[in-house]
Amino acid sequence: MTRLEDWLTWTLSPSISAILVTLIFSLTLPILIHTYLYKRAVAKELPTFLLLGPSGAGKTSLLTLLSNGTPSPTHTSQAPQTATCQLPSTTHSSEDKYRSENDTSSRTQPSIHLLDTPGHGKLRHHAIASLTSPTALKGLLFVVDSAVLSSAAGLTETAEYLYDVLLLLQKRHTQGKTSKGPLAIPVLLVANKQDVFTSLPAGLVKSKLEEELGKVRQTRSKGLLDSGIGMDDDGEADEESNWLGEYGAKGFKFAQMREYGVDVEVVGMSTSAEGEDEGRVHECWSWIGANV
Ligand code: GTP
Ligand code: MG
């Protein structure tokens, strides 16, 4: 105790060495604290974008196209796969809006993680797990085969998967309120294989899926009622939480998801064709950039 007191008296004494030591101490401490806090902030996870969609839609093709810049042949995925890529220098990121126009210092483009998931029905638990785990999830790219959507079976399969994904996002929003407010996850609907001549254009992909999602919603709620699940006192609340979008609405529209922080945009794409459609990749990158 007396040693501590002696030392404290010495630091306050007017001797040169005491002044120097105190000065160095008071100057370095804030720097050390700043470096420590800064390191912690930087070590945070990279923003993650998840690739979802039925098997064969072109998720892995999109992953290779975004990470290598060129399309390459793929095989059906059996396990999730990640790629780290940097936004192309031509893409503006959401961070750019805080930069002054006169700022000429070189700009480092943000890096992102792309997480590809297998689309096969039996392997979708990987995708569901990545959706519910607390990663730095910034957005979803739901890839669909625009040619398959012209058949009734293909449309139903795609819509059922999309329904499950959107309902999960909706539940995540209503249940998972954090201190930073509810989690908003944007979705980019990638209408892939635009080069195939039987494919539907992006606008039609959107409206067909909306219509089909409405049907899935009707079937699911009827199924719930028939099976008697959740038909106790709070049965109605249960049915409401399993209803996608605006409760009781007749038709389904993607706009109904905004209330749950899910903004759905559509882009036409061709991940395997070189040439004129390659320009569409930029639309994909701008969407990623805007949501980083
Ligand atoms: P899973 O891994 O099974 O979930 O499928 P995936 O979504 O990863 O599909 P993948 O990227 O492996 O593509 C499936 C097949 O579609 C491949 O043979 C691709 O070459 C082909 N394909 C992907 N994109 C396009 C496209 O834009 N146009 C055409 N014509 N074919 C494409
Ligand atoms: Mg794949």
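Indexing begins at 1, ligand by ligand and atom by atom, following the structure's order.
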- Among protein atoms, how many N/O/S atoms lie less than 2.8 Å from the Mg ion (ligand 2)? 2

- Note on the structure: Checking heavy atoms under 4.0 Å, the part of N192 that sits near ligand 1 is side chain

- Query: Between W285 and P88, which heavy-atom pair has the shortest distance, and what is it?
  - Reply: CD2-CD, 3.4 Å

- Item | G56 N/O to ligand 1 N/O under 3.5 Å | yes

- Within-4.5 Å side-chain heavy-atom neighbours: P80 and L115: yes

- Item | L244 and its side-chain contact (heavy atoms from CB on, under 4.5 Å) partner, picked from Q256, Q170, K171 | Q170

- Measure from NZ or CZ of R217 to the centre of the six-membered ring of Y163, then state whether that distance is under 6.0 Å and the direction lies within 45° of the axis. no

- Item | Selected option - heavy-atom contact closest to atom 9 (O) of ligand 1, from P54, S55, G58 | G58

- Proximal candidate to atom 11 (O) of ligand 1 [heavy atom criterion; set S61, S199, A191]: S61

- N or O contact, S77 vs ligand 1, cut-off under 3.5 Å: yes

- Enumerate the atoms of ligand 1 whose separation from the nearest heavy atom of S270 is less than 4.0 angstrom. 27 (O)

- Item | Validation row: I112, T48 side chains within 4.5 angstrom (heavy atoms) | no

- Answer yes or no: does atom CD1 of I16 have more than 12 heavy-atom neighbours from other residues, nucleotides or ligands under 6.0 Å? no

- Ring geometry between F252 and F254 (parallel below 30°, tilted from 30 to 60°, perpendicular above 60°): perpendicular

- side-chain contact (heavy atoms from CB on, under 4.5 Å) partner of L188, the single match among V143, V267, N291, L140: V267

- Between Q194 and L200 the two heavy atoms that sit nearest each other are NE2-O, 3.1 Å

- Item | Separation between CG of L63 and CZ of F49, rounded to the nearest 0.5 Å | 13.5 Å

- Message: Give the atom numbers and elements of ligand 1 that come within less than 4.0 Å of a heavy atom of V196.
- Response: 30 (N)

- Query: Any N/O of P118 closer than 3.5 Å to an N/O of ligand 1?
  - Reply: no

- Item | Contact atoms of ligand 1, heavy-atom distance to T76 under 4.0 Å | 2 (O), 3 (O)

- Answer with yes or no whether V143 contacts ligand 1, where contact means a heavy atom under 4.0 Å from a ligand atom. no

- Task: Could you list the atoms of ligand 1 found under 4.0 angstrom from a heavy atom of T74?
- Result: 10 (P), 11 (O), 12 (O), 13 (O), 17 (C)

- Message: For a quick check under 3.5 Å, do T84 and H113 share a side-chain donor-acceptor pair by atom type?
- Response: yes

- pair L66-T271: side-chain heavy atoms closer than 4.5 Å: no

- Query: Any N or O of H120 that comes nearer than 3.5 Å to an N or O of ligand 1?
  - Reply: no

